[in-house]
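Note sheet for the following structure.
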Amino acid sequence: MSISSIYKFVRKTSPLGDYRNNSFVGHFISSQISPFFTYFFIKKSVIPNVITVFMILSGIIGAILFSVDNIYIKIVGVIFINLWFIFDCSDGEVARITKKFSSMGKEIDFAAHIINHPLFFISIVLTVYQFYGYDELLIYPVIIIGVLDVFYRGIASLDLIYNIKFKKEVVNKKDRIGFIRYVVSNGTKTPNFVIFTPLLLIFDYATGFNLMLYYTFFTLFIMVLIIPRVIYYTVKKFVNC
């Protein structure tokens, strides 16, 4: 099959849906690459849970390599970190196409994020220290973002539990500036932050720019704005249920 045929086959049997229901990097980057991995896994009869294990291992390897104080090894680490999220997209695609759903599939996938996310933030903090020294202007914001991200994911999990428990559907209103809102709010959350940040760090190292600094403070600013609103509406749901 040609490249376009493989992509169309996977997308026909496992469509992406509306971009608002997916992360920015997941919808526009990783899910554009994952169909080729998905096709390979289906041809080789690899089950979704095994792909999730590949995801966990790729994330661990990527975080370790990105922590090494060598720019070339860090680049390899970035490749593995990106593979981590491609595998994350692919395991769901394989499950939907082959109808091989596991009762433990969601639990393993959740465990993968619990394992990998802290490692990514640790590797980012170490790289910031290696590139910039003990720069409080960068290290502390990254640490705070990591803590807020864990907190946000906890609140989001509560919201998901509520929607499943009471069978509520999430309705995303479409308007003219919907995509802009989506990019601003979604583009600063994990997995977007842990995918973009290593790339920005290497880009800044090579060019002398400070895009990482601006992106970090922008992310922190957006999270501080969004999290109180998310907490309010989530608590309100449970109080009124």
Residue Y205 excluded, over 12 heavy atoms near OH under 6.0 Å:
no
How are the rings of Y19 and F28 set to each other: parallel, tilted or perpendicular (split at 30° and 60°)?
tilted
Consider only side-chain N and O atoms of E93 and S14, and report whether a donor and an acceptor are under 3.5 Å apart.
no
If I take atom CD1 from residue I115 and atom CG from residue L57, how far apart are they, to the nearest 0.5 angstrom?
9.5 Å
To the nearest 0.5 angstrom, please state how far the CD1 atom of I61 sits from the CG atom of N116.
10.5 Å
After noting the C-alpha distance and the side-chain angles of F209 and F203, does the key distance pass the ring-ring contact (aromatic ring centres under 6.0 Å, His included) rule?
CA-CA 8 Å; F209 290 171; F203 179 80; 5.7 Å; yes
Verify, without hydrogens or angle tests, whether Y182 (side chain) and F24 (backbone) share a donor-acceptor contact under 3.5 angstrom.
yes
Checking ring-ring contact (aromatic ring centres under 6.0 Å, His included) for the pair Y7/Y39: CA distance, chi angles, key distance, verdict?
CA-CA 9 Å; Y7 184 86; Y39 182 78; over 10 Å; no
Quick check, are the ring centers of F80 and F66 under 6.0 angstrom apart?
no
Can you confirm whether or not the ring centre of F217 sits under 6.0 Å from the ring centre of F221?
no
When the ring planes of W84 and H117 are compared, do they come out parallel, tilted or perpendicular, using 30° and 60° as the limits?
perpendicular
Side chain proximity check, F36 to V10, heavy atoms < 4.5 angstrom
no
Closer than 3.5 angstrom, by distance alone: can the side chain of K74 be matched with the main-chain N or O of I202 as a donor-acceptor pair?
no
Hey, mind stepping through Y214 and F218 against ring-ring contact (aromatic ring centres under 6.0 Å, His included) and telling me if it holds?
CA-CA 6 Å; Y214 300 125; F218 177 70; over 10 Å; no
